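Working notes, structure below.
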2 protein chains.
Amino acid sequence: MNGPSLPTRSRVTISEVAEAAGVSKATVSRYIGSDRQLLAEATALRIEQAIERLDYRPNQMARGLKRGRTRLIGMIVADILNPYSVAVMRGVETACRQHGYTLVVCNTDRSTEQESQHLAALRSYNVEGLIVNTLGHHAGELLSLHSELPMVLVDRKVEALQADLVGLDNRDAVRQALDHLQQRGYRDLLLVSEPLDGTSSRQERVAAFEAGIARSPLLQGRVLQTDGAFCESLWDFLVASGAGPKALFAANGIAALSATRQLREFGYRLFEEIGLIALDDLDWYPLVGSGITALAQPTEQIGVTAFECLLDRLGGARGPARHFDFKAQLIVRGSTHPRG
Amino acid sequence: MNGPSLPTRSRVTISEVAEAAGVSKATVSRYIGSDRQLLAEATALRIEQAIERLDYRPNQMARGLKRGRTRLIGMIVADILNPYSVAVMRGVETACRQHGYTLVVCNTDRSTEQESQHLAALRSYNVEGLIVNTLGHHAGELLSLHSELPMVLVDRKVEALQADLVGLDNRDAVRQALDHLQQRGYRDLLLVSEPLDGTSSRQERVAAFEAGIARSPLLQGRVLQTDGAFCESLWDFLVASGAGPKALFAANGIAALSATRQLREFGYRLFEEIGLIALDDLDWYPLVGSGITALAQPTEQIGVTAFECLLDRLGGARGPARHFDFKAQLIVRGSTHPRG
DNA sequence: CTGTTAGCGCGTTCAT
DNA sequence: ATGAACGCGCTAACAG
C-alpha cells in the first residue's frame with residue numbers, strides 16, 4: 001500500500017558496493033576519488049559494474065566531513081527581486097557548476113535579522129566560501145566568518161571587511177551618463193536612487209554624480225531617493241524652472257522602475273518632455289515609451305569573476321584584498337533624444 | 001603576514017565545548033538537541049557559557065550524517081531568468097527559513113544535461129525533499145530520486161511521475177482571459193506561447209484556449225510559438241483581414257516580452273491598434289504603452305504551498321498525489337481597451 | 001596494487 | 001542527570 005509519494009528505498013553506501021564487488025571500502029573509495037589509476041583494471045571494472053548495478057552515489061556529506069571539503073559555496077543576496085542580483089547569481093552558478101561546486105543561495109529581503117540567520121545556516125553547512133551581496137550591517141557575524149573562510153563581496157563593500165570585491169566602476173559609469181546627457185543637450189539633472197541605507201555602490205554613484213555636476217559648468221543636478229517623499233520631490237523637480245532640458249538618471253533598475261512609474265502617473269509622455277538614463281539594462285527597457293537608454297553592467301561576468309576570485313583564495317592565494325571594477329556599457333535608446 | 005583574505009581559525013567542535021564546560025560530548029549534544037530539559041540547570045548554564053565563549057556552531061553535515069536529517073531542501077528551476085520562477089523561489093525560501101530548512105536552488109537553463117547534473121548533486125548532498133520546476137525530460141533520474149525522497153512539482157507536470165503538484169488553474173485562467181477579451185469586444189485572437197517543448201502548463205493553456213475558441217461562436221483564434229518563425233507569423237496575423245478587433249494573449253511573462261517587443265518593431269502604437277492580455281504580472285506591465293492587462297499568479301503562495309506540501313510528506317503523510325490549483329487574478333490595464 | 005585501521009563531528013544507545 | 005562507547009559514510013595513513 002505504499003503510495004507513490006512515499007519514499008522507501010534507502011541510499012546505497014560504499015560498503016554495499018564493496019561487498020558486491022568483493023573488495024574493501026578503501027578500494028571503492030579510491031575508485032570514486034582520483035586514485036583510479038592505482039587500481040587493477042579487473043577490479044576497477046568490477047567496481048564500476050557494482051556501482052552501475054546498485055546505482056551508487058557517494059554521500060557528499062560524509063566526504064565533506066572527512067576531507068573538510070564540502071564543495072559548497074554560499075551566496076547571500078540582499079534582494080532576489082532585483083534582476084541584477086539574479087543575473088549575477090546566474091553567473092556564479094554557472095561557474096560553480098563548471099568547477100564541481102554547488103551553490104547555496106540565501107535571500108535576506110534586506111532584513112538584518114535574516115542576514116544573520118542565513119549566515120549561521122551557511123556556516124553550519126560548512127560552505128567553503130561565501131559570496132556576499134548585502135549591507136553587512138551585521139558586520140560582526142561576517143567578520144567572524146571571514147576568519148574561517150574566504151569571502152568575496154559583490155557590488156557593495158562592507159565596512160571593516162577586508163575582502164575581495166567585484167563590482168562596477170561606478171565613477172566611470174556616472175561619468176559616461178553625464179557625458180551622454182550633456183552631449184544630448186540635457187542641462188538640469190536629477191539622480192534617482194534607492195534609499196542611501198549604507199549601500200556603498202549607491203553612495204559611490206551619488207558622490208560621483210555630485211562631483212561630476214560640480215565639474216561641469218553647463219550642468220545642474222540634484223539627488224533624490226525613492227522614499228516616502230519621492231513623489232512630491234520629483235514633482236517639484238519637474239515643474240521647477242530649470243537651466244534647460246531636464247533628465248532623470250536612475251541609479252539602478254529598481255530606481256528606473258519607480259521613476260518611470262511616477263512619470264507615467266504624472267501624465268508625462270515618455271520621454272518627450274523629459275530624458276531618462278538608467279543603470280542596469282533590464283529586458284523591458286526597450287519597451288517603455290521611446291525606449292530607455294541604459295548603462296549595462298556585465299552581470300554574468302561579475303558573477304563568474306566573483307566565483308573565480310573565491311576559487312583563487314580557496315586554492316591558497318593570499319595577499320591584500322583585490323578589486324575588480326567592470327566598466328558599464330552605454331546602450332542608447334529613445335529616452336535620451338530631447339524633444340522627442 | 002597573514003593577509004586579511006586568508007582564513008585561519010578552524011571550527012570549534014563539540015569536544016572543545018565539552019572540555020571547556022567540564023562535561024562529556026554527550027551532555028553537550030543533549031543541550032544542542034531537544035533534550036535540554038534533562039539537564040541540571042547548573043550544567044546547562046556552564047554549557048551555554050562555553051558555547052557562547054567559543055562561538056560554537058554545530059556542524060550540520062555531521063548531524064545530518066548521524067541522524068539522516070540534513071534540513072536541506074533542493075529546488076530545481078528551469079529558467080532563473082523567468083521572474084515567475086524567482087517569485088516562487090522566494091516563497092519557498094521564506095517558508096523554508098521559517099521551518100529551519102535551508103534551500104539549495106539549481107538552475108538548469110532549460111538544459112537536459114544540467115538537469116541531470118544538478119539532480120545528482122542534490123542527491124549527493126542528501127537533500128530531504130525536492131521542489132521541481134523543469135520538464136523532467138530526464139525523467140529516469142527523477143523517478144529514481146523519487147523512490148528516495150518526497151518531491152513536489154511546481155507549475156508543470158512530469159510524465160510518469162506521480163508527485164504532488166502546485167500550480168495554476170490554467171483552464172480557469174484562460175477562461176478569464178477569453179471572457180475578458182470577448183467582453184471588451186475583441187474577436188480575433190492569437191495566443192502567443194513559448195515553444196511547446198512538453199511543458200504541461202503551456203500545453204494546458206493552449207488546449208484550454210483552443211477549447212474556449214471552439215465554444216465561442218464570436219471568437220476566432222490561432223496559436224503561435226515564439227520560435228524562429230514568430231516574427232513572420234505574427235505579421236501574418238496582424239495584417240490578415242480578421243473577424244474584428246484583434247488581440248494577443250501572451251501565455252506567460254516571457255511571451256509577453258517577445259510579443260510586445262515584436263509589436264514595437266512593427267511600429268504599432270501600444271495598444272491602440274491591437275489588444276494584449278498576459279499571464280503573469282510583471283512589474284513593468286504598467287509602464288508599457290497604455291499598460292498591459294494581466295492575469296496575476298499568486299507566486300509567493302505557490303512557493304509556500306509547495307514547501308508545506310513537501311513538509312507534509314516529510315512528516316510521513318502518504319496517499320495519492322495531490323494537486324493544488326490556484327486561480328489567476330485579472331488585473332485590467334489599458335491594453336484591453338479597444339480603439340485606445 | 002589492495003586491505004586494515006583510525007578517525008572526521010556528531011547523536012544515541014547503554015550503563016551508571 | 002551524566003558518561004562511555006559505538007557507528008553514520010567516507011577518506012587517509014600505513015601496511016603488506
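The sequence lines fix the lettering, A, B, ..., with proteins before strands; numbering per chain opens at 1. Computed from a predicted structure; not experimentally measured.
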| field | Sequence-distant partners of A:Glu308, salt bridge (Lys or Arg N to Asp or Glu O under 4.0 Å), two or more places apart | value | none
| message | Could you write out DNA chain C as dot-bracket? Rules: Watson-Crick or G-U wobble, both distances under 3.5 Å, brackets [ ] for crossings, | for pairs with another strand, dot for unpaired. | response | |||.||||||||||||
Taking distance alone, no hydrogens or angles, what donor-acceptor pairs closer than 3.5 Å link side-chain atoms of residues 39-49 of chain A to residues at least two apart or in another chain?
from: A:Thr43; atom 1: OG1; to: A:Ala40; atom 2: N; distance (Å): 3.4
from: A:Thr43; atom 1: OG1; to: A:Ala40; atom 2: O; distance (Å): 2.8
from: A:Arg46; atom 1: NE; to: A:Ala21; atom 2: O; distance (Å): 3.2
from: A:Arg46; atom 1: NH2; to: A:Ala21; atom 2: O; distance (Å): 3.0

| task | For C:dT2, take OP1 and OP2 only and decide whether either is under 4.0 Å from a side-chain N or O of A:Thr43. | result | yes
| message | Whether A:Glu300 and A:Arg90 form a salt bridge (side-chain N of Lys/Arg under 4.0 Å from carboxylate O of Asp/Glu) is what I want to check. | response | yes
| note | Per-nucleotide protein contact along nucleotides 8-16 of chain C, 5' to 3', at a 4.0 Å heavy-atom cut-off (B base, S sugar-phosphate only, - neither), is BBBBB----
| message | Below 4.0 Å from chain A heavy atoms, what is the first contacting nucleotide of DNA chain D and what is the last? | response | D:dG9 to D:dA13
Per-pair distances, 0.1 Å, donor-acceptor, side chain in residues 72-84 of chain B, under 3.5 Å, sequence neighbours excluded:
from: B:Asp79; atom 1: OD1; to: B:Leu81; atom 2: N; distance (Å): 2.9
from: B:Asp79; atom 1: OD2; to: B:Arg110; atom 2: NH2; distance (Å): 3.1
from: B:Asn82; atom 1: OD1; to: B:Tyr84; atom 2: N; distance (Å): 2.9

| query | Looking at residues at least two apart in the chain, or sitting in another chain, which of them share a ring-ring contact (aromatic ring centres under 6.0 Å, His included) with B:Tyr101? | reply | B:Phe307
| query | Got a sec, which residues hit side chain to side chain contact (heavy atoms under 4.5 Å, CB included) with A:Gln301, two or more places apart in sequence or on another chain? | reply | A:Pro298, A:Thr305, A:Phe326
| query | What residues, two or more places apart in sequence or in another chain, satisfy side-chain hydrogen bond (donor to acceptor under 3.5 Å, both in side chains) together with A:Gln114? | reply | B:Arg97
| note | Residue set satisfying ring-ring contact (aromatic ring centres under 6.0 Å, His included) with A:His323, at least two apart, ordered chain then number -> none
Review item, side-chain donor-acceptor pairs of residues 13-20 of chain A, under 3.5 Å, at least two apart:
from: A:Thr13; atom 1: OG1; to: A:Ser15; atom 2: N; distance (Å): 3.2
from: A:Glu16; atom 1: OE2; to: A:Thr13; atom 2: N; distance (Å): 3.3

| field | side-chain hydrogen bond (donor to acceptor under 3.5 Å, both in side chains) partners for B:Lys25, two or more places apart | value | none
